Structures are given as C-alpha cells and as structure tokens.
Amino acid sequence: MATVARVVLDSPLPQLDRLFDYRVPAEIEDDCVPGVRVRVPLRSGARMTDAYVVEVVSDDALSPENDFPGELSVVEELVSPVPVLAPEVWQLARAVADRAAGVASDVLRLAVPTRQVRPEKAWLARDLDHVPPRVTPAPVEGYGDAVVESVIDAGGRAAVSAIPHPVLLSAPTTAVADDGAGADPDDTADADTSAATGTSPDTPAPAPAPAPAPAPAPAPAQAPASEPGPTWVPGWAATLAQAAAHTLAGERSAVLAVPDFRDVADLERALLVLVPAERVVRFDAKQTNGQRARALLTARTHPVVAIGSRAAVYAPASELGLIALWDDGDPSFAEQRAPYVHTRDVALVRTAQSGAALLMVSHARSTDVQRLVELGWLQEIGPHRARVPKVIPTAHQTNADGYAAQARIPSSAWRAAREASHDGPVLVQVSNPGFGTGLVCTECGERAHCRVCGGPLGSPHAGSTPQCRFCGALAAGYRCPTCGNGKLKPVGQGAQRTADELGRAFPNTRIVVADGSRPIDEVPARPAVVVATRGAEPDVPGGYACVLLLDGERMLAREGLRVQEDVLRIWANAAAKGAAGAPVYLVGIGGKLANAMALWRLDVPAHEELTDRRELFFPPAVRVATLTGTDEAVTGAIEALGDAPVGPVLGPVPVDDPTPGTVRAIVRFPYGHGTEVAATLKAEVIRRSSTRRVVKGGTKRRAAPALRVRMDDAEPFSEV
DNA sequence: AGCACGCCGACT
DNA sequence: GTCGGCGTGCTC
C-alpha cells in the first residue's frame, strides 16, 4: 500500500484542468498534505510542472473505474511543507472556473500568490500557543435592534441600503478596554464578556467551541495596540466593520471586499476602532507578494477579518461566517484576468459553498442585486430612521435668468453653496478632470489636434503645455493650422476649469481640486470648496455642508447598458459624503432619476431597468456567453448548446480581434442553464484546442485558439 | 505547451 | 522495403 497525491496542475491549458494522480515517495509522505506545492513530471519524465496537492489517498482506495488505470508517476519534489491552498479555496476556484467555462488554475493564480520563502519560514516558526486577542461584540448600529446581526448569525443573505452619511465610530466601551490596558495576563474571567454588551440575547451564538479556553495559555505576547478614539468613517464602512466585529466575536471569519484602495483605507480605519489589528488582514493590489503571502497564512491560522479589493474574496479565512461587499455595482469588481469572474459572482458561489452570511451593502442598487432581491434570494434591509440626503433636483433650463454668473450652476444651488461654505466644505462633483473636453484656438475657435496622432489636445493644468489625450505627445509651440495663431483656450468644463470659475466667485474661500491625477483622501471640516471628479471625492470628517452634483446630464449622455445605474451610483456615493441631512443639489436633472434621488429610493430605477432588460434578453436578466474563434468552431459551439439559449443569437459577425477571419457571437441563456452551458462550452474549447493548429506562411506559428469563450461579459452590450 | 505516435511521398 | 513529413492527440 502506498500513498497517492491528487494534484491540480499549474497550467492554463483547458485540457489539463482536472486532477492528476502521482505516487508519493516515502521521504516526503509526512509533509505531503492537501494544499502544499509540489513539482510533478508531466508527459515525458524530464518535464516538470508546478502543482498543488488537493487530496491525499492511499492507493488501495483508488477505484479502478474512476481513476487512472496506468502506472503512476512519482511526485518529483515537495516545494514547501506549507499548505498554501486551503481546501475551501480549492473548492471555490473549481466552482468559479466551472461557472465561467474557465480553468481552475487561472482562478488559483488570483487566489494564491507566488511562493514566498520568508513568510513561509516565519509561519512555520510561529508560536503555536499564541492566543489571538478576543473581540468585544458591538452592535451593528442604525438598522434596528439586531436586524443585521440575526442575518449574520443565521447565515442569511441581504441587500443592505447603506447609511447615507458619515458616522462617528467609537470603540465598544466595555470589558476589553480594561483587559488591554490593565496588563493583567490572567484572563480567567472574560469567558462571557458578551453579557456586558447586550447583543441580542435570543440568538444562540453559533460559536464553534471557543477554543482559547485551555488553561496553560501563556501570557499574551504584547498588549493590544493603543485603541483609537472616536473616528469619522463613511456610513457603509461602519456597518461593514460592525458586522465583521460581530462575526469575529463569535470566532468566525469575515471577508469584506470593496472596489478600490481608498475604500480599503476607509474600511481599515473603521475596523481598527473595533477589532485588534492582529485580527485584520489585507489583500489588495498594491501589496507585494510577500505581504500577500503573509496575509494568506495569517488568515488560515485563526479567525480574521479579511479586507481588500477583488482578491479579498478569495482569502482563505478560516471558519467563514460572513462575506460582505460594499458597492457591488462599481466596475472595479470586474476581474481583468481570465476567467474574468466578477467579485459579486465569486461571493455568491462562496456563500453557497460555505453557508456564510452575505451582505451586499450599497446606496444605489445594481440591477444584479435587484434581480436577486426580486427572486427572494436576498432580503432587503434599510437603515432605521436614517437621515437621508436632502436631494434637490434642479431641472435643466436654458434661460439665463435662473442662473447666476456661472452658467452651470442654478442660482438656488449657488446661494445654498455660498451659505454652506461659511460653515464647512462644499463638494462640487464634476465629470471630467482637468479642463474638460479640449482646447481651441483663441482666434478662430478651431479645435486643436495632436500633430503626431491627430487626437484631441488637452491641458492638464492651467497654463501647462498642451498634451494629446490619446498618445500623450506634448504640443509645445503649437500654432493653429488654420490661422497661424499660437494661443489656445480651454472649452468644456473639467474640474480645474470649474475650480477656476469658483475661485473667482468665492474670493475668500479655499478651493481644492481632487481628481484621478491629484487624489486627495480627506479634507478638513473647514470652509472650502472642493471640486472633484466623480469617484475622487475626498472624505470630510462629519461630512460636507452641501453637495453640488453638476455634470449629471453629461454623464448620462454616454452610451451603454449600465450608464444609468452607474450615474445613480456615482451621485448617491457623493451625496452620502454630505453630513447627515445636508442639502444635495442635483443640477440639470429631472424625471425618474431625479425622483429616485429626491425620495432616496434607489431601488426603483434598478427595478425598472431590470424589467426592461427582461423583455430584451439583456444581462443581468439573462446570462451571456461571448464566443470568439473560427467560423466553424463558433457555429459548432452554438449548435452544441442545443435549445439552452434564449432570444436570438447575436452574430456570428466577423471581427479582426486576434486575427482576421475570426468571428464573434453572443448567446444568451437563463441562469438555470448556466451549469450546462458552461460545461458544454468548456468541452468545445477542449475539443478545439487539442485539434486546431495552423502553419502559417512557411514559418511555424502558434495559431490563435480556434475557440475562446467568455461568460458574462456585458461589454458588447454597451454599444447596443 | 511540448512531445510522441502515425499514416502518406521520395529515397538508398 | 524504409526515412521522415508534420497533422493529431495526450499528458497521472
């Protein structure tokens, strides 16, 4: 009898996307556990591939029918005894890949950083007796008594409307504060700290055996970091942090995914008020591989709160009790690497697998979440007696009477902003950075174009050298080709332009500009006018005194399937940066969207939008698969789908994407057929990849794959 | 991806 | 008869 390791190969080839069996030599048998990295021979003995062990069995347990009948090769090398691939992450990767007709090892590349020796050594040398600090339960505030907590405890799922203003978050005022300060290593009596803080008494606490009870626990290594005082954080961040703290107080992990780096910072600030730093691990794009590896290993050691951007949803958090997303409609959640699975979808798969609770927290509702709400799969939770933004739409009017000197800002909004600017900062949201749309000749008004590529010229700062917006070439000494004049002036309104105008209108007020190239995280709660492009709005402790949303009309003029929900999301998120109940002027917008904002019923447009898309068979009412490849392969794949698709197949149409002669088609299908459709398409990809190969023009060249499949890419619909 | 296997044209 | 062309298919 011998030991057999079942491994997943680190290969992007779809035909290798299954488990392979290898014999485990006796010398490494003890360390060859699920999750470790190994090197194994593949095909010819000399050729090695990296792999992860996902299962270890004894060879008499192998069934002759289901398993490889031939002679097994032998594991070449145990790369490291550290199990970096948690079993549940493997299960997740497998399911996520299957859902997307993709390859599991592609998903693993997102979930597991490359090998890092130093963090692994540190982890192997860790203090096994170390007991992580406890977490004091704190209520999730603003949602009615224990409403959110009971969803978490029951492993439920909810779409949560975020608290639409900043909140002042302070540490729970009980037990743990003394516990940390009072340098008393003898923590005998803190077994029921929860009694002191009145969490819902009727929830039977799903605590999976409070392990840290064993008596001979050594003194805590160091006292917890000094507790931060009350801190202003966005309402959503407080909710996520409190929900995570509640989960962690039950010794279960929470995974919190947010769109970008700034959100991670906000969330971390909130979390550190409630939870010891040791219990918080980060996963984000700005980390080095070493930091990610360290975070990954920490997350496997004891229950933690894993926070971060897209990568966080793959965190190997032990005893997962909660998955929460902030602002699932943000396009940053769309993964850029194969198999392009959206964080929201990963979260859904992981919730289903783990039984963890799921919270989708946002101001504006995405059509995707709306669909789940209408299915009854997510329950709706809203803040209890929240002070919603006082949104005042000012419908578009061309009559100059209604406007002050600055033609973009109606006089009512202008007055309000001026008044508010005495008390605190005023936020002015615009759609474009810099000077907006471009530069024109001061003499003849001709648009200035790049001499290199013909693209439009822009001016990033007042008076700076004009620069091409497309190719970036500097246009020093520009002369108008029409009239020979050498002076240019900006047209359109960007953040800088607006700021310049406002600077003249608010002579004694500080003007701050924040955009993508000049990001500002926070401005003080002092009088100022803050001009920011959408998404770059700085935070203010306590919130802005007034918010002006200026370029809505222009933002809505863009083409695309998701423009409306995107714009609503951008408005709502800016509005929520206002202080509780602060006025928000929505300039130039009327109709349904203005209504939804004014009533703060951001689910209504999502419902209407979804209804429309059902009729048209547009996502997310249906799922889509984009098929690219040779005419024959694409047509064959469509045929193989039988009658699973709904609505007409779009295409195939010729595209030049990888090579001329390629075609693309889009098929739509109901969610209920997803598993079947993905499996069929994956089989087609495998069939084609092991067949097609092309010799071109005498020189051997690798041809583009005969068939590529991408599931749930809504991009093509943005042109519709 | 590599690399072996295998079934048709010019060769000692 | 055989050598070797690269299309086809497999990799525990």
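Proteins get letters first, then strands, A, B, ... in listed order; numbering begins at 1 in each. Not measured: the values here are computed from a predicted model.
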**Q** Just how far, in rounded Å, is C1' of dC10(C) from CG of D21(A)?
**A** 16 Å

**Q** Grab the CG-P distance between L16(A) and dA1(B) for me, whole Å please.
**A**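 Result: 11 Å.
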
**Q** Send over the distance from Q15(A) CD to dA1(B) P, rounded to a whole Å.
**A**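 My rounded result for the distance is 8 Å.
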
**Q** What's the CZ-P distance between R687(A) and dC10(C), to the nearest Å?
**A**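 Distance, rounded to whole Å: 13 Å.
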
**Q** Tabulate below the donor-acceptor pairs under 3.5 Å that side-chain atoms of residues 322-338 of chain A make, not counting sequence neighbours, or state none.
**A**
unit_1	atom_1	unit_2	atom_2	d
D327(A)	OD2	R569(A)	NH1	2.9
D327(A)	OD2	N573(A)	ND2	2.9
D328(A)	OD2	R344(A)	NE	2.8
D328(A)	OD2	R344(A)	NH2	3.0
D328(A)	OD2	S366(A)	OG	2.6
D330(A)	OD1	S332(A)	N	2.7
D330(A)	OD1	S332(A)	OG	2.9
E335(A)	OE1	R310(A)	NE	3.1
E335(A)	OE2	R337(A)	N	3.2
Q336(A)	NE2	A334(A)	O	3.0

**Q** Kindly say whether A299(A) contributes a backbone atom to a donor-acceptor pair with the side chain of S318(A) at under 3.5 angstrom?
**A** yes

**Q** Expressed in angstrom and rounded to an integer, what is the separation of R688(A) atom CZ from dG9(C) atom P?
**A** 12 Å

**Q** At 4.0 Å (heavy atoms only), tell me whether R23(A) reaches a base, stays on the sugar-phosphate, or touches nothing.
**A**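 If one applies the 4.0 Å heavy-atom cut-off, R23(A) turns out to touch nothing in the nucleic acid.
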
**Q** For M48(A) and dT11(C), give me the distance from atom CE to atom P, rounded to whole Å.
**A** 17 Å

**Q** Expressed in angstrom and rounded to an integer, what is the separation of I686(A) atom CD1 from dT11(C) atom C1'?
**A**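 Going from CD1 in I686(A) over to C1' in dT11(C) covers 13 Å.
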
**Q** Pairs of donor and acceptor atoms involving the side chains of residues 25-41 of chain A, under 3.5 Å and at least two apart or interchain, shall be tabulated with distances.
**A**
unit_1	atom_1	unit_2	atom_2	d
E29(A)	OE2	T3(A)	OG1	2.9
R37(A)	NH1	Y52(A)	OH	3.1
R37(A)	NH2	P113(A)	O	3.2
R39(A)	NH1	D50(A)	OD1	2.9

**Q** Stems involving DNA chain B: give each as a range paired with a range, ordered by first number, where a stem means at least three consecutive Watson-Crick or G-U wobble pairs under 3.5 Å.
**A** B:1-11 with C:1-11

**Q** Rounding to a whole Å, what distance do you find between L13(A):CG and dC3(B):C1'?
**A** 13 Å

**Q** Mind jotting down which residue pairs meet the side-chain hydrogen bond (donor to acceptor under 3.5 Å, both in side chains) criterion with at least one end in residues 350-362 of chain A? Sequence neighbours excluded, please.
**A** none

**Q** For residues 639-676 of chain A, pull every pair meeting ring-ring contact (aromatic ring centres under 6.0 Å, His included), keeping only residues two or more places apart or in separate chains.
**A** none

**Q** Hey, is the side chain of R47(A) poking within less than 4.0 Å of OP1 or OP2 on dC3(B), counting only N and O atoms?
**A**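 The answer is yes; a side-chain N or O of R47(A) sits under 4.0 Å from OP1 or OP2.
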
**Q** Less than 3.5 Å apart, which donor and acceptor atoms pair up between the side chains of residues 87-94 of chain A and the rest of the protein, not counting sequence neighbours?
**A**
unit_1	atom_1	unit_2	atom_2	d
R94(A)	NE	D98(A)	OD1	3.3
R94(A)	NH1	D17(A)	OD1	3.0
R94(A)	NH1	D17(A)	OD2	3.4
R94(A)	NH2	D17(A)	OD2	2.9
R94(A)	NH2	D98(A)	OD1	2.8

